[in-house]
Protein chains: 2
Amino acid sequence: MSSTAIDLLLADEASRPRADARRNVERLVMAAREALDETGLDATAHEIARRAGVGIGTLYRRVGTREALLRAVLLEFLGGMLTAADRALDADDAWQGLVDFATVYVRLRAASCGVNEALGDSDARLDLSETSTALRERLERLVGKAQEAGAMRTDVTWQDTAWLLAGVVPGDHTIGLTPGGEQWRIGLRVVLDGLRA
Amino acid sequence: MSSTAIDLLLADEASRPRADARRNVERLVMAAREALDETGLDATAHEIARRAGVGIGTLYRRVGTREALLRAVLLEFLGGMLTAADRALDADDAWQGLVDFATVYVRLRAASCGVNEALGDSDARLDLSETSTALRERLERLVGKAQEAGAMRTDVTWQDTAWLLAGVVPGDHTIGLTPGGEQWRIGLRVVLDGLRA
DNA sequence: CAACAAGTGGACGATAGCCGTCCGTTTAGC
DNA sequence: GCTAAACGGACGGCTATCGTCCACTTGTTG
């Protein structure tokens, strides 16, 4: 579950690496998560190494590229999001399913600057298109179900919905108000009210 | 009106500059507008000079700093926005006033990447705090009026409103959909519906 | 416990992008 | 024509990041 990223990175080692090497990979992954949360996609290799308490050489030797590391962490994260989407699709109440997913989606994007950027950036710096396409497709179905159930207005496409949800996430938009940590909640509520049939 | 930025930049010349010099200032201002629209706040001095068809030396001689130039253009722009806000405050129907302003606000932000960034960036790269504070204060009053008139839900603050409006503007959020030029319209409609009492 | 392969850290050279100055050349205006 | 004003853009300086390389350290195994 949470070791996926590590496994992914250790997979292509020919023989079992030494204990300290494994430990360093773990540290690097944790550091990458933090850096991704706070700094975003363009967290530098040096920053990640510093956070991990590890030399820059170690980073490159262990994970090959800065991008490979970030990619592994992001894939793990997006996987979790996909799971939430599938759970939402199974909900009895279509509208409630959409609400649940939207909440998770926005919360996770809000929690990590890097995840937010990864889901937005259309330029594929890291190759995440496969997973994010899957995610899109889930949203499309969720919106479809909610509309068929008559719970959601039909003059709005799932693309519009994606747009609106993304807009609720804090960015450097906001007219200069320091956003409280949970600021997105009220925004999401308004948007969902606006989407209701 | 539209010559404000130019006047602002020519103001501190001791004696009347030569005709070609004035022409170049105009070109620089127009180029800065374009660059601001397309590239955003960190349009480089060289890019602006290139767009203006002018040497980089000329830019620095004429406008002093890259920042002074951008600032002049942005101030002009924000001035227009303020005017729209004041007009909206005079509307008979408080809700309609809010809707009108919101529309202008979002459209203008959507039209220029640089304006959008300028209104968001809390770090004061260019000193626009005065004008943007004025703008905030207008929005606060618009929201207040709409709520007093019973036209807008009261569990939402003007800060939340600012947040939501900013969110509707295209950014690099959007799950990888190339946004149509007028994409923000539908988003704005949903948000306004959600804000209605 | 020794010896060596595996691993480590971080200085370093390379690359890139932007800033703003400076000076030889051009041009407007009298 | 003549001169002061203006021009263009090459250039040096600065900052940031990347990723390599090698002298040194440490885990592991017999």
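Labels below follow one simple rule: chain letters A, B, ... track the order of the sequence lines, proteins then strands, and each chain is numbered from 1.
- Protein atom OH of A:Tyr60 is 18 Å distant from nucleotide atom P of C:dC12, rounded to whole Å.
- In this structure, the CZ atom of A:Arg62 is 14 Å from the P atom of D:dT20, given to the nearest Å.
- Within the 4.0 Å cut-off from OP1 or OP2 of C:dG7, not a single side-chain nitrogen or oxygen of A:Arg61 is found.
- Between B:Ala19 and B:Thr65, it is B:Thr65 whose nearest contact on DNA chain C lies nearer the 5' terminus.
- Straight-line distance from the CZ atom of A:Arg23 to the C1' atom of D:dG27: 10 Å, rounded to whole Å.
- Contact check on A:Arg87 versus A:Asp100 returns no salt bridge, with no Lys/Arg side-chain nitrogen under 4.0 Å from an Asp/Glu carboxylate oxygen.
- Across the protein-nucleic acid pair, B:Glu26 atom CD and D:dC7 atom P stand 13 Å apart, rounded to whole Å.
- The side chain of B:Thr58 contributes an N or O atom lying less than 4.0 Å from OP1 or OP2 of D:dG8.
- Using a 4.0 Å cut-off between charged nitrogen and carboxylate oxygen, B:Glu182 and B:Arg185 count as a salt-bridge pair.
- Separating the CG atom of B:Leu59 from the C1' atom of C:dC22 is a distance of 16 Å, rounded to the nearest angstrom.
- Considering only side-chain atoms of B:Arg18, the nucleotide from D:dC7, C:dG29, C:dG7 that sits closest is C:dG29.
- Between B:Arg50 atom CZ and D:dG8 atom C1' the separation is 15 Å, expressed in whole Å.
- Side-chain proximity of A:Ile56 to C:dT8, C:dC19, C:dA11: nearest is C:dA11.
- Listed candidates were D:dA6, D:dG8, C:dT8. Nearest to the side chain of B:Ala21 is D:dA6.
- Panel note: side chain A:Arg153, backbone A:Gly194; a donor-acceptor pair is recorded below 3.5 Å.
- We find that B:Glu26 and B:Arg22 are not joined by a salt bridge, their nearest charged nitrogen and carboxylate oxygen being 4.0 Å or further apart.
- Using a 4.0 Å cut-off, no side-chain N or O of A:Arg22 falls inside it from OP1 or OP2 of D:dG27.
- The base of C:dG20 lies close enough to the side chain of B:His46 for a donor and an acceptor atom to sit less than 3.5 Å apart.
- Scanning for salt bridge (charged side-chain N to carboxylate O under 4.0 Å, His left out) contacts around B:Glu137 gives B:Arg141, with sequence neighbours left out.
- Contact annotation: A:Asn24 side-chain N/O to C:dG7 OP1/OP2 distance is not under 4.0 Å.
- Side chain of B:Arg66, nearest nucleotide from C:dG7, C:dC19, D:dC7: C:dC19.
- For the pair A:Leu69 CG and D:dC18 C1', the computed distance is 15 Å after rounding to whole Å.
- Mapping B:Gly64 and B:Asp20 onto DNA chain C by nearest heavy atom places B:Gly64 at the nucleotide closer to the 5' end.
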